[in-house]
Trainee: 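Structure incoming, see below.
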2 protein chains.
Amino acid sequence: MDVKTLCLGILSLGDATGYEIKKLVADGAFSFFSEASYGSIYPALTKLMDSGLVTCRSESQDGRPDKKIYSLTEDGEQTLKSSMRQSPGPDKQRSEFLASVLFSEAVYPERVTQLISERKLYHEDRIRSLTSLQQEELSPAGRFVIGYGLHIQRAALAFLEDAGELLVQDVESDVV
Amino acid sequence: MDVKTLCLGILSLGDATGYEIKKLVADGAFSFFSEASYGSIYPALTKLMDSGLVTCRSESQDGRPDKKIYSLTEDGEQTLKSSMRQSPGPDKQRSEFLASVLFSEAVYPERVTQLISERKLYHEDRIRSLTSLQQEELSPAGRFVIGYGLHIQRAALAFLEDAGELLVQDVESDVV
DNA sequence: GTGTACATGTAAAGTGTTACATGATTTC
DNA sequence: GAAATCATGTAACACTTTACATGTACAC
């Protein structure tokens with residue numbers, strides 16, 4: 001999903017500024033399944049303005065650049081809806097952790113133990129953030145998305161508790 | 001993880017051609033956590049040659065371009081090992097499915113039911129491929145990585161069976 | 001006083017994908 | 001006879017990140 005559609009989608013849930021969109025994508029409910037930086041969000045919003053899919057009202061503030069609050073237009077809503085008609089592409093899951101485990105085995109087997117224990121902390125952390133997001137979330141779909149994320153993180157953690165031990169033993173016995 | 005390190009890692013598990021690396025990344029054990037196209041793999045291998053991290057022997061074939069089989073050098077192994085010392089970055093999980101669920105709710109709620117049922121098929125498919133990969137896999141780390149993937153896919157499917165129904169009901173009652 | 005949050009935006013650099021070019025061989 | 005598999009490689013394009021530019025206000 002490109003940044004333009006992502007912005008359109010976020011705006012369908014309520015008006016927002018570029019800054020707010022970035023925050024949602026970086027830390028909010030969207031952080032679990034998307035990513036975008038200022039360098040792609042601001043240009044995307046400008047292009048959406050040019051094609052009339054969003055409008056923008058400015059609120060002046062003292063000491064700061066004007067806040068530019070974007071809203072979806074009727075056209076934007078239709079465009080989003082027709083994007084939603086397409087079946088979503090497969091997930092893109094890139095995990096340096098899994099790659100590291102697989103590649104460390106041959107060249108640096110002692111590393112595996114550490115990777116696993118660090119990974120548990122990672123999942124615990126993700127679970128904490130998702131749990132706190134769950135407190136705020138409102139719409140059924142929002143609850144569903146957070147729930148989906150939580151469920152996966154918990155499953156991953158449980159897997160590490162079980163299979164992580166086994167792997168560590170296996171790799172260590174190979175070293176010996 | 002950049003394509004160069006990915007190639008180095010795959011070569012640490014055994015010699016391979018660019019074509020084989022692409023296949024592993026697209027359909028094999030690596031497909032669960034990485035991605036790369038010919039357009040990035042071939043140039044990466046050339047660069048790795050230039051910096052002496054891999055060597056290459058050619059096997060001529062009739063009617064086809066020579067097979068170029070790459071092997072890790074001692075230098076390549078050390079470089080990979082020092083990459084492995086870095087703690088792996090966070091997972092990058094991009095899910096058009098989750099975005100679609102969240103964004104459809106407002107502009108196209110009937111779509112949600114379909115998204116969920118298509119998604120079940122998606123997970124079932126992933127489970128099938130991972131299960132068949134599990135048959136071939138050999139090393140402890142390989143088994144661990146596939147197991148991790150399987151566990152997550154199963155958890156996701158289970159979540160959909162439970163929460164998917166609820167969501168569909170919620171969204172439908174909102175429409176009415 | 002130091003760091004973080006607020007707020008927008010651009011330019012350069014890097015990375016990667018898609019599409020193209022080439023062509024035999026095997027499977028349906 | 002069409003489509004997939006084997007096999008390498010390049011060029012154009014798209015996308016993103018990182019760094020820069022600018023500046024206030026508030027919390028510690």
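The analysis underlying the following values was restricted to heavy atoms, covering all of them including side chains, and did not include hydrogens, waters or symmetry mates. Throughout, protein chains are lettered first and strands after them, A, B, ... in sequence-line order, and every chain is numbered starting at 1. Note that the coordinates shown come from a computational prediction; the quantities given were computed from them, not determined experimentally.
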Trainee: Reading DNA chain C from 5' to 3', where do the contacts with chain B start and stop? Cut-off is 4.0 Å to heavy atoms.
Mentor: C/dG16 to C/dA24

Trainee: Can A/Glu118 and B/Ser87 be counted as having a side-chain donor-acceptor contact under 3.5 angstrom?
Mentor: no

Trainee: For the residue pair A/Phe159 and B/His151, does the interplanar ring angle fall in the parallel (under 30°), tilted (30 to 60°) or perpendicular (over 60°) class?
Mentor: tilted

Trainee: Would you mind reporting whether B/Tyr148 and A/Leu160 have side-chain heavy atoms less than 4.5 Å apart?
Mentor: yes

Trainee: Can you find a heavy atom in the side chain of A/Tyr108 that is under 4.5 Å from one in the side chain of B/Arg85?
Mentor: yes

Trainee: For the residue pair B/Leu8 and B/Ser83, establish whether any side-chain heavy-atom pair is separated by less than 4.5 Å.
Mentor: no

Trainee: Between B/Ile116 and A/Phe144, is any pair of side-chain heavy atoms under 4.5 Å apart?
Mentor: yes

Trainee: Any side-chain heavy-atom pair from A/Phe32 and A/Gln153 closer than 4.5 angstrom?
Mentor: yes

Trainee: Each nucleotide N or O in nucleotides 10-17 of chain D that has a protein N or O under 3.5 Å away: list the pair and distance.
Mentor:
unit_1 : atom_1 : unit_2  : atom_2 : d
D/dT17 : OP2    : A/Ser37 : N      : 3.2
D/dT17 : OP2    : A/Ser37 : OG     : 2.7

Trainee: Using a 4.0 Å heavy-atom cut-off, does A/Lys4 contact any base of the nucleic acid, only the sugar-phosphate backbone, or nothing at all?
Mentor: nothing

Trainee: Taking only N/O atoms, report every protein-nucleotides 24-28 of chain D pair under 3.5 Å with atom names and distance.
Mentor:
unit_1 : atom_1 : unit_2  : atom_2 : d
D/dT24 : O4'    : A/Gly63 : O      : 2.9

Trainee: Among A/Arg94, A/Lys92, A/Arg126, A/Arg119, find the residue that satisfies the salt bridge (charged side-chain N to carboxylate O under 4.0 Å, His left out) test when tested with B/Asp91.
Mentor: A/Arg119

Trainee: Take the protein atom NZ of B/Lys22 and the nucleotide atom P of D/dT8, then report the distance between them rounded to whole Å.
Mentor: 13 Å

Trainee: Using a 4.5 Å cut-off on heavy atoms from C-beta on, say whether the side chain of B/Leu13 contacts that of A/Leu102.
Mentor: yes

Trainee: Round to the nearest Å and state the distance from B/Asp66 atom CG to D/dC6 atom P.
Mentor: 18 Å

Trainee: Looking at A/Asp50 and A/Lys47, is any side-chain nitrogen of the basic one under 4.0 Å from a carboxylate oxygen of the acidic one?
Mentor: no

